Amino acid sequence: MVSLTATSESMAYILKTLNSWFWWENIWMPINCTWADFVDREGLVFPKPHQLYATIPYAFVLLIIRFFSERYVAIPLAKALGIKNVRRVKPQPNPVLESYFRECSRQPSQSEIKGLAKKCNCTVHLVEKWFRRRRNLEIPTVLRKFQEAFWRFSFYLTSSIVGFIFLYDKPWFYDIWQTWVGYPFQTLLPSQYWYYMAEIGFYWSLVFTLGIDIKRKDFMAHVVHHLAAIGLMSGSWCGNYVRLGTLVMFVHDTADFWLEAAKMFNYARWEKTCNILFIIFSIAFFITRMILFPFWILRATLYQPTYYSTTPVIAYFLFNGMLLTLQGLHLYWGYLIFKILKRFVFLKDLKDDRSDEEEEDSLTDTEEESTKSGTKNSSGSSKHLLSSSHH
């Protein structure tokens, strides 16, 4: 009991020490400023770190809104655009193949398929068919992709419109030097509070659904992006870099809804509309992420603070490190967009390399049963059945 009490006291001491280090004034604010200076007084309201706890319940509110919007708005819209809810055909239960699929390989080689066919006492084509259907079960349906794109489109479009309404009459929207005038004693506006709460809550909701949302080849880049975005917005809130933070959020959201709109029409196979929207997105992306962000935002965070303080605080390096990480992701995504545009120009194809394509299901259940009953048919007859049963 004594040792347990001592351990608890040491843990409490360690946590208290870490907390005092984390909120050390020299990390967050200019010299000669303390947290006591950030107490609300007449005419001045400051952001408070404990207010960030509210972003978690806001995230769950957004998840509820997402559920209802995807179910009662996205699905009817998808049907109106011609997207059908196609049910995947499950492969016949086979413990041997299922174990191999989970533990060894989702895409076995031809020699491995032959070995599995012998082990299961069935044809090579049946094994190929089983793996094809099993892989398709792992790929989200077009309707599911449409629902996810619709939700992100809805949020990014709403946040872009609301962000513009919040920012268009602010002097720092036109003169970014104004973001530092009067810092750190800049009052928090109600519009800035709700803008931050909605944005941080949205990215928390994306983190919470990482396990169920569609996984693409740039999955880890999205994880880094979401966590960096939450870290940046939360840190800028605590340090009262709210003016710059709202500009960063606005610059990011104004391009993203074009991409989600392009995805929606791509899933509906409206190719011309998709192509136009993707080209608009590409232009918006390169303007906001390759021009405005590095030469407007980063200039304001890297260069302009030196005019107001000759001794940058630690937060200066932390925030700029995260902003530069975001810019690295912009360059990575810009490279992917350039590849897609290049293929579009030369091959007239706008396929997204990040997504897995569903494989053609070439055998019906009836044909599979007939093949199963004749498991010792030659590969030639199986090939004939495969080639004659495309649908």
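Quick caveat: nothing in here was measured; it's all calculated off a predicted structure.
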Backbone N or O of Gly245 within a donor-acceptor pair of the Tyr195 side chain at under 3.5 Å?
-> no

May I have the step-by-step check of salt bridge (Lys or Arg N to Asp or Glu O under 4.0 Å) for Arg132 and Glu128, ending in yes or no?
-> CA-CA 6 Å; Arg132 190 157 51 245; Glu128 291 175 338; 5.2 Å; no

Does a sphere of radius 6.0 Å around CZ in Phe185 hold more than 12 heavy atoms from other residues, nucleotides or ligands, not counting ones at 6.0 Å or beyond?
-> yes

Tyr156 meets the side chain to side chain donor-acceptor pair (under 3.5 Å) criterion, sequence neighbours left out, with none

What distance separates Leu63 CG from Leu206 CG, expressed to the nearest 0.5 Å?
-> 8.5 Å

CG of Leu244 to CH2 of Trp296, rounded to nearest 0.5 Å, is 9.0 Å

Does any non-hydrogen side-chain atom of Ser109 lie less than 4.5 Å from one of Glu112?
-> yes

Residue set satisfying ring pair (Phe, Tyr, Trp, His ring centres under 6.0 Å) with Tyr53, at least two apart, ordered chain then number -> none

Is the shortest heavy-atom distance from the side chain of Tyr316 to the side chain of Leu302 under 4.5 Å?
-> yes

For Val39, what are the other residues in its hydrophobic cluster, where any two members join if their side-chain heavy atoms are less than 4.5 angstrom apart?
-> none

Glu70: what forms a salt bridge (charged side-chain N to carboxylate O under 4.0 Å, His left out) with it, not counting sequence neighbours?
-> Arg66, Arg144

Between atom CG of Leu247 and atom CD1 of Ile297, what is the distance when rounded to the nearest 0.5 Å?
-> 5.0 Å

For residues Phe250 and Phe166, establish whether the separation of their ring centroids is below 6.0 Å.
-> no

What orientation do His226 and Tyr203 show, parallel under 30°, tilted 30 to 60°, or perpendicular over 60°?
-> tilted

Which pairs, with at least one residue in residues 37-51 and sequence neighbours excluded, count as a side-chain hydrogen bond (donor to acceptor under 3.5 Å, both in side chains)?
-> Asp40-Lys48

Might you work through the side-chain contact (heavy atoms from CB on, under 4.5 Å) test for Leu329 and Val224, ending with a clear yes or no?
-> CA-CA 9 Å; Leu329 291 173; Val224 173; 4.2 Å; yes

Over 12 non-hydrogen atoms of neighbours within 6.0 angstrom of CH2 in Trp258 = no

Which residues, ordered by chain and number, are linked to Ile212 in its hydrophobic cluster, where ILVMFWY side chains connect at heavy-atom gaps below 4.5 Å, directly or through other members?
-> none

Student check: side-chain heavy atoms of Leu331 and Met290 closer than 4.5 Å | yes

Nearest 0.5 Å, what's the CZ-CZ distance between Phe155 and Arg152?
-> 11.5 Å

Which atom names give the shortest non-hydrogen contact between Tyr174 and Lys170, and what distance separates them?
-> CD1-O, 3.5 Å

For Asp253 and Ser160, test the side chains for any donor-to-acceptor distance below 3.5 angstrom and give the result as yes or no.
-> no

Given the rule that I, L, V, M, F, W and Y join up when any side-chain heavy atoms are under 4.5 Å apart, are Phe338 and Ile280 in one cluster?
-> no

Kindly work out whether a path of hydrophobic side-chain contacts (I/L/V/M/F/W/Y, heavy atoms less than 4.5 Å apart) joins Ile65 to Ile56.
-> yes

Between Val207 and Val61, is there a shared hydrophobic cluster once you connect ILVMFWY residues whose side-chain heavy atoms come closer than 4.5 Å?
-> yes

Verdict with reasoning, Leu143 to Lys84, per side-chain contact (heavy atoms from CB on, under 4.5 Å) | CA-CA 7 Å; Leu143 180 61; Lys84 297 179 181 179; over 6 Å; no

Could you pull out the closest heavy-atom pair between Met264 and Leu77, with the gap in Å?
-> CE-CD2, 4.1 Å

Between CG on residue Asn320 and CG on residue Leu298, distance to nearest 0.5 Å = 7.0 Å

Keeping the roles fixed (side chain from Trp333, backbone from Gly328), state whether a donor-acceptor pair exists under 3.5 Å.
-> no

Applied to residues 280-295, the side-chain hydrogen bond (donor to acceptor under 3.5 Å, both in side chains) test, sequence neighbours excluded, yields Asp256-Arg289

Check whether any side-chain N or O of Glu148 sits under 3.5 Å from a backbone N or O of Asp213 as a donor-acceptor pair, and report yes or no.
-> no

Kindly give the heavy-atom pair with the smallest separation between Phe202 and Leu62, and that separation in Å.
-> N-CD1, 3.4 Å

So, Phe278 versus Phe344, ring centres under 6.0 angstrom or not?
-> no

Evaluate the criterion side-chain contact (heavy atoms from CB on, under 4.5 Å) for residue pair Thr254 and Phe164; output intermediate values, then yes/no.
-> CA-CA 9 Å; Thr254 48; Phe164 179 76; over 6 Å; no

State, to 0.1 Å, how close Val127 and Cys122 come at their nearest heavy-atom pair, and which atoms those are.
-> CG2-SG, 3.6 Å

Got a sec, which hydrophobics cluster with Phe68, joining ILVMFWY side chains under 4.5 Å apart, including via others?
-> Ile64, Phe67, Tyr72

All pairs passing side-chain hydrogen bond (donor to acceptor under 3.5 Å, both in side chains) where residues 227-249 contributes a residue, at least two apart | Tyr183-Tyr241, Tyr196-Ser236

Side-chain touch Lys263/Leu277, heavy atoms, less than 4.5 angstrom | no

Using a 4.5 Å cut-off on heavy atoms from C-beta on, say whether the side chain of Cys33 contacts that of Pro184.
-> yes

For Glu199 and Ser159, which heavy atoms make the closest approach, and how far apart are they?
-> OE2-CB, 3.5 Å

Taking ring pair (Phe, Tyr, Trp, His ring centres under 6.0 Å) as the test, write out the residues that go with Phe146, two or more places apart.
-> none

Any donor-acceptor N/O pair, Thr187 side chain to Val45 backbone, under 3.5 Å = yes

With the 4.5 Å side-chain cut-off for hydrophobic clustering, are Val223 and Trp204 part of the same group?
-> yes

Taking ring pair (Phe, Tyr, Trp, His ring centres under 6.0 Å) as the test, write out the residues that go with Trp270, two or more places apart.
-> Phe265

To the nearest 0.5 Å, what is the distance between CD (Gln92) and CG (Leu126)?
-> 9.0 Å

Are Tyr100 and Phe131 close enough that some pair of their side-chain heavy atoms sits under 4.5 Å apart?
-> yes

Are Trp172 and Phe295 joined in one hydrophobic group, where the rule is that I, L, V, M, F, W and Y side chains link up if heavy atoms are under 4.5 Å apart?
-> no

Could you tell me which residues satisfy ring pair (Phe, Tyr, Trp, His ring centres under 6.0 Å) with Phe285, sequence neighbours excluded, listed by chain and number?
-> Phe281

Validation row: Lys118, Lys114 side chains within 4.5 angstrom (heavy atoms) = no

Please tell me if the side chains of Phe101 and Arg135 come closer than 4.5 Å, counting only heavy atoms from C-beta onward.
-> yes

Nearest heavy-atom approach of Ala300 to Pro305 is O-CD, 3.1 Å

With no hydrogens and no angle check, do the side chains of His225 and His330 hold a donor and an acceptor under 3.5 Å apart?
-> no

